[in-house]
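Some notes on the structure that comes next.
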Amino acid sequence: MNYWLLKSEPSTFSFTDLKTSPKRQTHWDGVRNYQARNFIRDGMRKGDLAFFYHSSCADPAIAGIVRIVSAAYPDHTAFDASDKHYDASSEPANPRWYMVDVRYERAFERALTLRELKQYKATQLAELALLRRGNRLSVMPIDAKQWNFIIELARQHSQD
DNA sequence: GCCAACGTTGGC
DNA sequence: GCCAACGTTGGC
């Protein structure tokens with residue numbers, strides 16, 4: 001079991017959008033960064049869990065948890081000239097970009113904000129890629145230790 | 001292979 | 001809207 005963090009701008013696709021999707025599921029298309037692609041294609045396994053992070057919004061935060069429910073497969077939106085993420089250099093015979101299917105798992109009682117996570121930047125979450133300076137990766141791995149710490153933070157908050 | 005220019009991300 | 005931090009592109 002591997003753990004991940006997936007970013008999405010809520011104005012484009014929010015955690016609630018996922019929850020209200022058919023079968024509470026969607027394909028995670030549009031990743032156009034090689035490092036993120038490699039995590040998806042080479043690292044993700046069916047059954048893995050990921051935090052759903054809201055970026056570029058008023059209150060950046062982890063909203064909840066999703067499950068990876070497929071292996072990686074070619075991102076077909078790269079082949080579609082009318083798609084925002086079209087990439088002519090990705091051909092069906094030799095796909096450049098990949099995606100997985102994700103399903104809503106559960107919401108935190110209260111979103112865990114970036115501001116709160118930063119309180120542990122020098123201690124328990126020092127290794128969290130999300131808090132590293134200048135990090136822009138939309139897909140990143142999380143160590144089990146940090147994953148569990150964040151789960152515990154969310155649990156404490158939900159008891160407030 | 002170098003590197004300047006440019007585009008994008010994302011917090012604030 | 002600003003700007004730092006990158007990643008990508010393309011001329012040389």
Side-chain angles (χ1 to χ4, degrees), chain A residues 2-21 26-44 48-66 68 72-102 104-105 107-143 146-147 149-154 156-157 160:
Chain A
N2 297 315
Y3 299 108
W4 308 93
L5 182 142
L6 297 173
K7 286 184 188 171
S8 185
E9 299 186 19
S11 60
T12 302
F13 189 79
S14 71
F15 194 52
T16 299
D17 290 334
L18 177 62
K19 189 179 183 180
T20 55
S21 294
T26 193
H27 49 256
W28 202 260
D29 61 272
V31 172
R32 297 291 181 270
N33 168 282
Y34 289 106
Q35 201 178 347
R37 187 277 311 270
N38 292 345
F39 285 137
I40 289 173
R41 189 190 58 187
D42 308 330
M44 280 188 178
D48 286 353
L49 292 172
F51 290 133
F52 192 115
Y53 178 81
H54 284 160
S55 67
S56 294
C57 56
D59 236 343
I62 297 173
I65 298 173
V66 301
I68 311 303
Y73 60 100
D75 182 341
H76 55 74
T77 66
F79 311 140
D80 178 0
S82 69
D83 193 278
K84 184 188 176 194
H85 299 290
Y86 174 63
D87 181 357
S89 60
S90 182
E91 299 166 18
N94 186 23
R96 175 171 295 192
W97 307 113
Y98 284 76
M99 61 187 177
V100 288
D101 293 341
V102 305
Y104 178 94
E105 185 77 9
F108 287 168
E109 291 290 320
R110 188 167 67 81
L112 201 49
T113 64
L114 178 62
R115 208 166 55 83
E116 291 168 293
L117 293 171
K118 278 182 171 176
Q119 292 173 10
Y120 306 94
K121 183 178 175 152
T123 54
Q124 287 95 334
L125 297 180
E127 304 300 314
L128 194 69
L130 181 70
L131 300 181
R132 279 213 318 265
R133 181 172 172 79
N135 176 55
R136 299 183 308 164
L137 265 185
S138 63
V139 178
M140 62 187 82
I142 299 187
D143 288 346
Q146 277 100 51
W147 174 274
F149 180 74
I150 292 170
I151 293 286
E152 180 64 17
L153 275 185
Q156 289 170 3
H157 284 303
D160 286 348

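The analysis underlying the following values was restricted to heavy atoms, covering all of them including side chains, and did not include hydrogens, waters or symmetry mates. First the proteins, then the strands, lettered A, B, ... as listed; each starts at 1.
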Report task. Report the distance from atom CG of L117(A) to atom P of dG10(B), rounded to the nearest whole Å. Result -> 15 Å
Query - Whole angstrom value for the distance that separates C1' of dT9(B) from CD of Q35(A) - result: 14 Å
Query raised in the report: Once you round it to whole Å, what is the distance between P of dT8(B) and CG of D87(A)?
Result: 13 Å
Report task. Could you tell me the separation between the CD atom of E116(A) and the P atom of dG11(B), rounded to a whole number of Å? Result -> 15 Å
Report task. Evaluate the ring planes of F15(A) and F52(A), with Trp represented by its six-membered ring, and classify them as parallel (under 30°), tilted (30 to 60°) or perpendicular (over 60°). Result -> tilted
Query raised in the report: Which whole-number value in Å describes the distance from N135(A) CG to dT9(B) P?
Result: 13 Å
Query raised in the report: Over how many whole Å does the gap from I62(A) atom CD1 to dG11(B) atom P extend?
Result: 12 Å
Requested in this report: Give the nucleotide from the list dT8(C), dG11(B), dG10(B) with an atom nearest to the side chain of S56(A).
Outcome: dG10(B)
**Report entry** Result of checking R41(A), R32(A), R37(A) against D75(A) for side-chain hydrogen bond (donor to acceptor under 3.5 Å, both in side chains)
**Finding:** R32(A)
Requested in this report: Give a yes-or-no answer on whether the side chains of T77(A) and D80(A) include a donor-acceptor pair shorter than 3.5 Å.
Outcome: no
Requested in this report: Report the nucleotide, chosen from dG11(B), dG10(B), dT8(C), that has the shortest atom-to-atom distance to any side-chain atom of Y34(A).
Outcome: dT8(C)
Query raised in the report: Aromatic rings Y3(A) and W147(A): how do their planes relate, parallel, tilted or perpendicular, breaks at 30° and 60°?
Result: parallel
